[in-house]
Structures are given as C-alpha cells and as structure tokens.
Amino acid sequence: MWNMRKAVWAAGVMALAACQQVKVPSYDGEMLWFQNMANDSKTGIAIEDSTATLKIVREELKQLTIADSVIVRLAEDQQLGNEGFEIKAEGRIASITAQTETGLLYGAYAVLRDQKSNGKQIVSRRETPAYDLRMLNHWDNLDGTVERGYAGKSIWHWDGDSINEADRKRYELYAKANASIGINATVINNVNASPEMLSEDILKRVAEIADILRPYGIKTFLSVNFSSPIKLAGTVDADPLRAEVRSWWKDKADEIYGMIPDFGGFLVKANSEGLPGPLDYGRTHVDGANMLAEALAPHNGVVLWRAFVYSPTDADRAKQAYLEFQPYDGQFADNVIIQIKNGPIDFQPREPFSPLFGALKKTQMAAELQITQEYTGASNHLCYLATMWAETLEDDTYRDGEGSTIAKLTTSKAANVKKSAIAGVANIGDDSNWCGHPMAQANWYAFGRMAWNTSITPDSIAEEWIRQTMPAVPLHAENTLKDMMMESREAVVDYMMPLGLHHIFAWGHHYGPEPWCDIPGAREDWMPRYYHKADSAGLGSDRSPSGSNATAQYNEPLASQFADINTCPEKYILWFHHVDWNHRMQSGQTLWNELCLHYDKGMAMTGHFVASWRRIKPYVDGRLWSDVNKKLEIQRDDARWWHDACLLYFQTFSGEPIAQKTIYSLDNMMDFHINITNYECAPKGYRGE
Ligand code: BDP
C-alpha cells in the first residue's frame with residue numbers, strides 16, 4: 001500500500017513537472033481580485049453615462065466579454081431599494097436595472113464576477129444587500145501607523161495641500177475594490193482616535209477622500225475622541241450634559257456636513273482602555289451616545305457606539321460588555337447602533353458569541369468582526385476568516401426563541417432595526433499587495449461578500465475569490481486551494497488555542513505564545529493565567545455558576561448547556577469550565593491527551609498546507625507562489641512553536657507525557673491527499689487515495 005502510494009506520488013510529481021510548462025498569467029498583487037481582466041471586449045453597452053458613477057459603470061463593463069450587449073438603466077422598482085439590482089440574461093443579451101446609480105454599479109460588478117466565477121455566464125437574478133451599512137473600520141493613525149496593521153503603513157496621508165496623483169489612483173482602486181464586493185462605508189481612522197481628527201485641516205483632507213469614494217457608493221465616517229471639545233475648543237470638560245459641550249458637537253457636525261454632505265457619522269470608543277467617555281463625568285453610555293446622535297440627526301448621520309469596554313473591574317472580563325450595556329436597552333436614540341465584537345473578550349481565534357447580542361432587545365446592534373489578523377497570525381499565517389464569521393452569524397442567541405441568529409437580529413429585516421450595520425476591522429495598508437499576505441486579500445473579499453449576503457457560504461466565496469485572483473488554476477487545484485482555505489481557521493485554533501483556550505499570547509504582541517507570562521505589577525486580566533487558569537487539578541476558566549457565572553448571561557437553553565460540563569460544546573469547554581486533566585472527552589481521551597492531539601493536528605495541518613501549495617505551483621505566477629510559500633513555511637514553524645510552548649508549559653501542571661498522533665514523514669503528507677479529485681496531471685485512473 002505504502003509503496004503503491006509512493007509510486008503514485010512520484011508519478012504525480014513528474015506529471016506536475018510537465019504541467020510546469022503551462023503558461024500562467026502574471027500576477028499583480030495590487031490588482032487584488034481583478035487579475036487579467038479583458039481589455040478587448042466587443043460588448044455593446046447601452047448606458048446614459050452622464051454622471052461620475054455611470055462613467056465608472058461603463059468603464060467597468062468594457063471588460064465584459066460574455067455578452068454581446070448589455071443594457072444598463074435606472075427604473076423604479078421599490079423592492080430593490082437604494083442599492084439592489086436586477087440582472088436579466090437571455091442568451092448573450094443582458095440587462096442591469098436598479099433604482100439608483102449605486103445599484104447599477106453593484107449590478108455591473110456582479111456580471112463581471114459571473115464572467116470569471118459563475119460558470120462563465122451571466123445569471124439572471126435580483127439582489128439586495130443584507131445590511132444597510134457594510135463598513136470597514138480602519139485603525140489608522142494620523143502619524144501613518146496602523147494599530148494592529150500588518151500590511152505596511154496607512155494608505156491615508158495628511159501632508160501637502162491636496163491629495164497627490166499616486167494617492168488618488170490608489171484610493172480609486174481601493175474604492176473600486178470595495179464597491180465590487182458591496183462595501184459602502186468606511187471609517188478611515190483608528191477607534192483610539194486623536195482629537196486632531198476633527199480639526200479643520202484634517203477635515204479638509206477627509207472631504208477630499210470622501211469626494212473620491214462617493215462615486216463608488218462609499219460613505220465616509222470618522223472615529224471620534226470623546227474629549228475632542230476640550231482639546232480643540234478648550235471646554236472645561238466633555239460632560240455630555242453640559243450645554244457648551246453639546247453645542248460644540250452640534251457645530252462640529254454642521255461644519256463636517258458643510259464639507260461632506262453625505263458624511264456617514266461617528267464611531268466611538270469610550271471609557272475603554274483608558275480612553276475618555278461619559279462615565280468620567282458620572283454620566284452613562286446613553287448620555288454620551290445620544291448627545292452625538294442629536295448632533296448628527298438633522299443630517300441623517302449615525303453613531304456607532306462600541307460595546308468593547310475593557311477597564312479594570314472586579315467582574316470577569318468576559319462579562320463586562322453585558323454588565324455595562326444591558327441595563328440601558330431601549331434608551332439609545334434611533335440613530336445609535338451599538339457595535340459589538342463577535343466574542344465577549346477580543347477577537348480570539350475562537351470565542352463563543354458575545355451574550356450581549358442576545359440581551360439587547362430594543363437596541364440596534366452591529367457585529368464587529370476583525371479582518372486584520374491581530375490574533376490569528378498577523379500577515380504571516382493563512383487563516384481564511386469567512387468560516388469564523390459564518391459561525392458567528394449563524395450562532396443562535398435564542399433572544400426571541402429558537403432561530404434568533406446573530407444574522408437575523410442584526411440585518412435589515414430584523415424588527416426594531418432602522419439602519420442595519422456590520423463592521424470589519426480592515427487589513428489594508430500601503431504594502432503593494434494591500435494586505436501583507438496575498439491570501440489575506442481573501443478575507444477583505446469575504447467580509448464584503450458576507451456583508452452583502454449573509455447566506456453565501458464561505459466555500460463559494462473562496463471559490464469566487466480564487467477564480468478571480470488566480471484565473472489559470474484548474475478545477476482540481478482550485479479544490480486543493482479551497483480546502484486549504486476552508487481548513488485554515490480550524491488549524492489556527494488547533495495549534496494556538498484549542499478547546500476554548502484563549503488569550504495566552506506573549507506580552508507585548510499578539511503573535512506568539514507565552515502562557516507562562518508573569519509581569520510583576522501588571523493588571524491580572526492582562527496575564528494569560530487569568531484566562532487559562534492552569535493548575536495541578538486541570539485547565540480552563542470556570543465561568544459556570546460555581547465560578548464567574550458568565551454562563552448566566554446567555555439565554556436558555558444555552559445558559560444551562562454552557563454551565564454543565566457534560567453538555568458544554570467541547571470547542572468551548574475550557575472557556576466555560578476548569579476541567580480536570582483526566583476528564584473523559586467525547587473521543588474517550590483524557591483532557592490532557594485531547595489537548596495534545598489538537599495541537600498536534602493543527603501543526604500537521606500547516607505541513608499539509610505547504611505540501612498542498614506545491615501542487616498549485618504550475619498554475620500561478622512564480623513570485624506569487626514563492627511569496628505564499630515563504631509565508632506557509634513561517635506558519636508551519638510557528639505552529640511548532642505554539643505546540644511546543646503550550647504543551648511543555650501545561651505539562652508542568654498535568655505531569656503527563658505529550659501524546660502525538662502524527663508521524664511527520666512523506667507518507668504522512670501523502671495521507672493528506674484525500675482531497676484531490678480529478679487530478680488532471682496525474683496518471684490516468686488516479687483519483688487521490
Ligand atoms: C484590541 C486591540 C487594541 C484595540 C482594541 C479595540 O489589541 O489595539 O484598540 O482591541 O478594539 O483588540 O479597541
């Protein structure tokens with residue numbers, strides 16, 4: 001059996017070598033998912049291109065080759081709303097209709113996507129977006145740095161009298177990329193906002209940026225610092241009930257709208273991680289958010305008030321957002337949206353959903369997801385995040401009984417929602433390929449696509465992305481690549497923090513492991529031990545009723561399910577329980593062995609990714625291939641680092657030998673071939689295993 005496999009392997013490698021002759025298109029990282037677009041289209045385009053947006057529509061459609069003619073027109077159709085479109089295709093004649101120019105733009109990008117990814121034919125359909133605001137949150141600072149950014153410096157520049165040509169081109173490409181996946185809003189600066197952001201000089205530049213983004217259907221928002229009136233106007237304080245402060249914000253809003261008539265609104269991080277906020281004056285989140293809401297309301301602006309509060313309290317950190325916000329349910333103004341991170345702590349590789357989603361019944365909520373890979377390997381690790389986001393959006397909060405998924409409670413169709421929103425913390429920088437890791441572009445792409453339609457599967461999004469980004473990849477290789485992407489997040493969970501472990505990162509960075517970290521004098525909830533609680537009895541945080549009782553923040557039946565170690569899903573077991581090292585897991589293994597096997601599996605998967613990528617080599621540009629290859633090798637080495645560091649440390653408590661299942665050899669790598677079907681370059685009859 002083994003020898004036969006080796007023979008097949010060798011033949012496969014030889015066949016691969018033959019395939020290397022395949023002519024592959026060159027890859028330009030800057031062009032994202034717009035690789036090798038046609039420039040010789042003969043398609044007739046019927047469009048009144050009288051405005052900036054319609055000119056873009058025409059320009060984009062010039063790349064359409066799968067239709068002889070396309071008719072683009074505005075028409076009344078209430079059900080399509082402000083952004084929806086209808087595509088009709090009969091043979092090689094297509095039409096795109098919408099009520100607005102932005103709808104037509106989305107329709108144009110949809111047919112271009114069809115050209116590459118939908119069986120290469122235009123599909124008749126009607127589409128409307130799931131969320132009203134599909135937002136990127138940049139964590140960019142005025143000094144050009146990007147907080148938790150791993151793709152170079154900020155794309156926004158604040159010097160000079162006006163935006164230079166090179167920047168203008170890049171912003172247009174940025175806008176095009178966002179519009180092509182349906183992103184229609186962007187907060188261009190960090191939630192840890194500088195008051196300077198609202199100064200006149202900076203606002204002038206913001207207005208210039210907004211002018212470039214507008215024709216692409218994108219609204220500009222700003223993060224604001226709650227103390228801005230003190231810093232910019234010398235008010236005695238920033239008390240939200242003080243008349244002087246309130247009128248400063250009103251005037252500021254008027255000033256902004258005078259410069260940017262379609263300005264979106266403010267994103268606010270208040271009373272979290274040392275930032276100022278209404279609580280500093282004995283006021284509440286409601287007082288703060290509603291004051292800003294009042295200033296923006298005459299202009300139809302929105303306040304996104306973040307629920308990420310993280311300050312020293314006696315309560316379990318995982319309980320804090322719920323404790324601070326649930327009591328105010330129903331008191332926020334109509335144009336306030338509470339922006340909640342997907343998990344109760346902080347973008348860990350896996351967290352249960354934030355219980356706040358199931359607790360706010362009369363308040364508009366938006367999920368905040370993280371596209372930048374702060375806790376999932378920065379721009380070095382392949383971690384396709386769509387699978388994580390799908391998990392969150394499908395989580396059932398039981399708020400209004402069974403089926404109250406986060407998607408259902410937050411999208412436009414939800415009750416009490418006037419304006420629905422979803423936010424993703426951007427992974428964009430000034431690197432030539434925008435995202436650092438070429439594969440990380442897929443996360444930007446996936447965020448937009450899921451924000452447009454929460455039911456598209458991560459699998460089909462990956463497929464779309466591959467077809468547009470690496471157009472010469474044949475079906476069998478596409479499947480290999482798609483499998484890598486689909487398995488990558490679980491691999492990261494396995495080699496970093498399986499079974500509900502969380503926040504065992506090294507002091508000073510969120511990249512590598514340091515579960516033993518102990519900094520004298522530092523806050524207890526900054527230490528990994530606050531989260532893993534390893535001791536000679538076992539591992540994990542007790543958040544059941546015998547511990548912090550965070551489980552009680554969930555609706556039934558989840559509260560009881562999470563509270564009982566026997567019914568708690570094992571993927572969260574160490575999140576909710578302190579588990580005995582000898583506890584029998586569903587597999588029959590002890591907790592200790594199960595933990596070892598998860599780390600082992602995660603590590604093995606990274607070896608598998610390196611091997612799989614070799615099979616893609618004949619079909620992609622050489623530089624792209626080696627860029628990704630280098631990153632995958634780093635990831636494989638890092639996975640070993642995580643495995644060794646965590647298990648050797650936890651072993652000092654469990655006292656047991658480290659279990660290992662994987663034998664790292666070529667044979668072992670061949671075991672991972674199971675995903676290959678229809679392997680074109682392999683000898684006839686070869687079908688994987
Ligand atoms: C954490 C980041 C920190 C952010 C904070 C936030 O480590 O840099 O400022 O969240 O979301 O994930 O406000």
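Atoms within each ligand, like the ligands themselves, are counted from 1 in listed order. For clarity, every value in this text was computed on a predicted model and none was experimentally measured.
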Quick one: ring-ring contact (aromatic ring centres under 6.0 Å, His included) partners of Tyr174, sequence neighbours excluded?
His138, Trp156

Testing Thr410, Asn184, Thr411 for side-chain hydrogen bond (donor to acceptor under 3.5 Å, both in side chains) with Tyr131, which one passes?
Thr410

Ion pair present between Arg205 and Asp201, side-chain N to carboxylate O less than 4.0 angstrom?
no

Side chains of Thr405 and Asp396: do they bring a donor and an acceptor to under 3.5 Å?
no

List for me each residue that meets salt bridge (charged side-chain N to carboxylate O under 4.0 Å, His left out) alongside Arg529, sequence neighbours excluded, and say none if there are none.
Asp518, Glu524

Per the under 4.0 Å non-hydrogen criterion, ligand 1 touches Trp139, Glu147, Arg148, Val191, Asn192, Lys269, Glu273, Arg306, Phe308, Lys341, Asp346, Glu374, Tyr375, His510

For Glu351, salt bridge (charged side-chain N to carboxylate O under 4.0 Å, His left out) partners two or more places apart
none

